Every structure is written in structure tokens, then in C-alpha cells.
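First comes the structure, then the notes that go with it.
As the structure is a computational prediction, the values presented were derived from the model and not from experiment.
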Amino acid sequence: MLFYRAAVALSRSTLNYVAGVIRRHRKSIGSTWRLLNPGQQALLVLVYLRKGDTFAEVAAGFAVSTTTAWRYIQETVKLLSARSPKLDQALKKAKATELYVVLDGTLIPIDRVKADRPYYSGKHKIHAMNLQVISSPTGTILWVSGPLPGSTHDLTAARMWGILRALAKAGLIVLADKGYQGAGEHVLTPYKGKGKPESQKISNRSHAKLRGPGERANAQLKTWRILRKLRCSPNRAGHLAKAIHVLHNREAQAG
């Protein structure tokens, strides 16, 4: 096996933050010694999330076993995921700072076969997990849901996670795409159908212009390559996305 040095496009501030989270956790559980110190464990996890390397690849790069790398990553992802905001907290903060929010669904491709029908999105022709994302008008990620099978419709997913009810309670104006039609009066969606009058066409263009920057939040999640295709349990998609949400916001603050 060959080894080489490589860079990961993240700030020192983010590394220090993750190392601090790990250090405090080790102290709380009384862990006195490990193969990697908190800084090295943090770097291993960031490489895995940002570059999408396999467990075996990151394990070899940090001179630990694949099992140890897996354990370090699982532990740290759960610690970070637990720091992501709850839905009510995120909406309360958004109510104080944003004119409106954008609700959108995204699919996280997974490594599955044709037999796994619940995971198959007929619209996108891929096996995936459905995540719901709420973002600000500028594309800042405010909240990420847990995962549901890729065959789940966005509107169904939003109802299952209680998102629509929470948004209505918060009194927020919500922009969403046509997949959310029927979500309620507080969720504004484009007009459907052909041969629309000019007034509806103008409304749809304005709606898309306002919604567009917010929908780019999903693309920001996938700059972390681990979310481009999961080779692990599909149910980990939510923990990974929530952990990345925390890290992405840290990066934004550092920048």
C-alpha cells in the first residue's frame, strides 16, 4: 500500500472545535488513553466526512485498524449530531432573524440493489434516503431532519417529521417547490399546470428567485463528499447530515 500527504479544505478552527468536543467527552466517560489523541481523532473524522474516503482508507492513513477508525467516526458523528439544533429551537431563532424560510427535500444516494424498493426514488431513479432541510433566504442551513426511505414523497416526509405543524406554530412564511402543494396556507408554492395566465407566470418567477438561494443549502451539504453516496447503513444519513450541519456552520463562522 502506498501513502501520501493530502490537504482537506477545512479551517483550523473547525479542527479545534471537534477536538474540544472529543476531549470533553473522553473526560466525561473517564477514557484515559487511546491510540489517537483528540486532535488526531478529530482530523480522522473530518477527512472521512469531507473527502468521503472509506473506513479502510482513513484507517490506513492514520495507522489504526479499520474497526478503530469506525468506532472513532461513529462516536464523533453522534457527538456532533447531538449539537445540531432541534426543530423548535431552529424556528424560534429564524423567527427573530429571517423574513421567511425555505423548505426543501434532498436525496442522499445509498449503496443498495433493485430489491430494496422502499429506498428507491422513482422520480430520480436512484436508491436514496430522503432528508428535509430548512434554510434561510441566503442559503444558511437552519435545520436538517432525520432520514426516511427515498420513495417517501417530500410532503409526506414533512408531515411525518411534524415540520408543517411546527412552521405554522412559529408563524413563519415558508417557500417551497411544487412537491409541497397542499401543505397549508403558510407554505407558499408555485402555480401548477400548463397555459397559466401571465400573472401566475410572473408569480412563479418571483417565487423561484426568492427560493433559489435557500435551496442551494442542499448543495452545500453535499460539498461533504460522504453525503454523495453512503456505503454504510442508510439510517446513518440523518446523524451524518446533522453532524455536517454543525461543522458547516462552524466553517461559515470561521470564514
Does one hydrophobic cluster hold both Val102 and Ile141, with members joined at side-chain heavy-atom distances below 4.5 Å? no
Does one side chain, of Glu251 or Asn249, offer a donor that lies under 3.5 Å from an acceptor on the other? no
Is there a donor-acceptor pair under 3.5 Å between the side chain of Thr76 and the backbone N or O of Ile73? no
Answer yes or no: is there a donor N or O on one side and an acceptor on the other, between the side chain of Gln181 and the main chain of Pro190, under 3.5 Å? yes
What do you reckon, is CG of Leu35 surrounded by more than 12 foreign heavy atoms closer than 6.0 Å? yes
Test side-chain hydrogen bond (donor to acceptor under 3.5 Å, both in side chains) on Gln41 and Arg26 and set out the steps. CA-CA 12 Å; Gln41 180 177 339; Arg26 289 187 184 184; 2.6 Å; yes
Please tabulate, for the side chains in residues 50-58, all donor-acceptor contacts under 3.5 angstrom to protein atoms that are two or more places apart in sequence or on a different chain.
from: Lys51; atom 1: NZ; to: Ala7; atom 2: O; distance (Å): 3.4
from: Thr54; atom 1: OG1; to: Glu57; atom 2: N; distance (Å): 3.1
from: Thr54; atom 1: OG1; to: Glu57; atom 2: OE1; distance (Å): 3.4
from: Glu57; atom 1: OE1; to: Thr54; atom 2: N; distance (Å): 2.9

Closest non-hydrogen atoms of Asn235 and Pro147, given as atom of the first, atom of the second and distance, are O-CG, 3.8 Å
Please answer: with hydrophobic residues joined when any side-chain heavy atoms are less than 4.5 Å apart, are Trp33 and Ile29 in the same cluster? no
Given the rule that I, L, V, M, F, W and Y join up when any side-chain heavy atoms are under 4.5 Å apart, are Leu131 and Leu80 in one cluster? yes
Ile126 versus Leu107: any side-chain heavy-atom pair under 4.5 Å? yes
State plainly whether the residues Glu75 and Arg34 are in salt-bridge range, i.e. N to O under 4.0 Å. yes
Please report the interatomic distance OH(Tyr100) to CD(Glu98), rounded to the nearest 0.5 Å. 9.0 Å
For Thr14 and Ser11, which I'm curious about, is there any donor-acceptor pair between the side chains at under 3.5 Å? yes
Between Tyr48 (side chain only) and Leu43 (backbone N and O only), is there a donor and an acceptor less than 3.5 Å apart? no
One pair to check against side-chain hydrogen bond (donor to acceptor under 3.5 Å, both in side chains): Ser145 and Lys242. What are the steps and the verdict? CA-CA 8 Å; Ser145 77; Lys242 288 176 182 292; over 6 Å; no
Can you tell me how far CZ of Arg23 sits from OG of Ser31, rounded to the nearest 0.5 angstrom? 12.5 Å
So Thr156 and Asn130, side chain to side chain contact (heavy atoms under 4.5 Å, CB included) or not? Walk me through it. CA-CA 11 Å; Thr156 301; Asn130 179 304; over 6 Å; no
Within the 4.5 Å heavy-atom criterion, are Trp143 and Val101 side-chain neighbours or not? no
Ile108 versus Lys222: any side-chain heavy-atom pair under 4.5 Å? yes
Treating Lys78 as the side-chain partner and His239 as the backbone partner, does any N or O pair qualify as donor plus acceptor under 3.5 Å? no
Hydrophobic cluster membership, Leu99 vs Ile173, 4.5 Å side-chain cutoff: yes
Check Ile110 against Pro234 and note the closest heavy-atom contact, atom names and distance. CD1-CG, 3.9 Å
Quick check: does any side chain N or O of His248 sit under 3.5 Å from a backbone N or O of Thr223, one acting as donor and the other as acceptor? no
Please find the pair of heavy atoms, one from His207 and one from Leu188, that lie closest to each other, and give the distance. NE2-O, 2.7 Å
Leu36 and Tyr72: side chain to side chain contact (heavy atoms under 4.5 Å, CB included), yes or no, with the steps? CA-CA 9 Å; Leu36 300 183; Tyr72 282 169; 3.7 Å; yes
Given the rule in the side chain to side chain contact (heavy atoms under 4.5 Å, CB included) test, do Gln132 and Ile163 qualify, once you have shown the distances and angles that lead to the verdict? CA-CA 9 Å; Gln132 298 294 299; Ile163 299 170; 3.6 Å; yes
Determine whether a donor-acceptor pair (N or O, by modelled atom type, separation under 3.5 Å) exists between the side chain of Ser136 and the backbone of Thr140. yes
Does anything in residues 154-172 form a salt bridge (Lys or Arg N to Asp or Glu O under 4.0 Å)? List the pairs, not counting sequence neighbours. none
How close do Asn218 and Gly105 get, heavy atom to heavy atom, and via which atoms? ND2-O, 3.4 Å
In the structure I gave you, are the side-chain heavy atoms of Ile244 and Leu227 within less than 4.5 Å of one another anywhere? yes
So NZ of Lys86 and CG of Leu91: to nearest 0.5 Å the spacing works out to 13.5 Å
Does the side chain of Arg228 reach to within under 4.5 Å of the side chain of Arg225, using non-hydrogen atoms? yes
In Å, rounded to the nearest 0.5 Å, how long is the span from CG of Asp88 to NZ of Lys95? 14.0 Å
I'd like to know if the side chain of Thr68 pairs up with that of Ser65 as donor and acceptor (distance under 3.5 Å, no hydrogens or angles considered). yes
Test side chain to side chain contact (heavy atoms under 4.5 Å, CB included) applied to Met160 and Leu148, step by step: CA-CA 9 Å; Met160 290 180 70; Leu148 290 171; 4.0 Å; yes
Testing the 3.5 Å rule here: is there a donor-acceptor pair between the side chains of Ser203 and Lys196? no
If only atom types and distance count, is the side chain of Ser135 paired as donor or acceptor with the main-chain N or O of Gly214 below 3.5 Å? yes
What is the minimum heavy-atom distance between Ser13 and Arg250, and which atoms define it? OG-NH2, 4.3 Å
For residues Leu15 and Leu10, determine if any side-chain heavy atom of one lies less than 4.5 Å from a side-chain heavy atom of the other. no
Do Leu221 and Leu142 belong to the same hydrophobic cluster, where Ile, Leu, Val, Met, Phe, Trp and Tyr are linked whenever their side-chain heavy atoms lie under 4.5 Å apart, directly or via other members? no
Side-chain (Thr97) to main-chain (Lys93) donor-acceptor, under 3.5 angstrom: yes
Check the side chains of Arg205 and Gln200 for a donor-acceptor pair under 3.5 angstrom, ignoring hydrogens and angles. no
At their closest point, which heavy atom of Ala166 faces which heavy atom of Leu87, and how far apart are they? CB-CD2, 3.6 Å
Heavy atoms, side chains only, cut-off 4.5 Å: are Leu240 and Leu49 in contact? yes
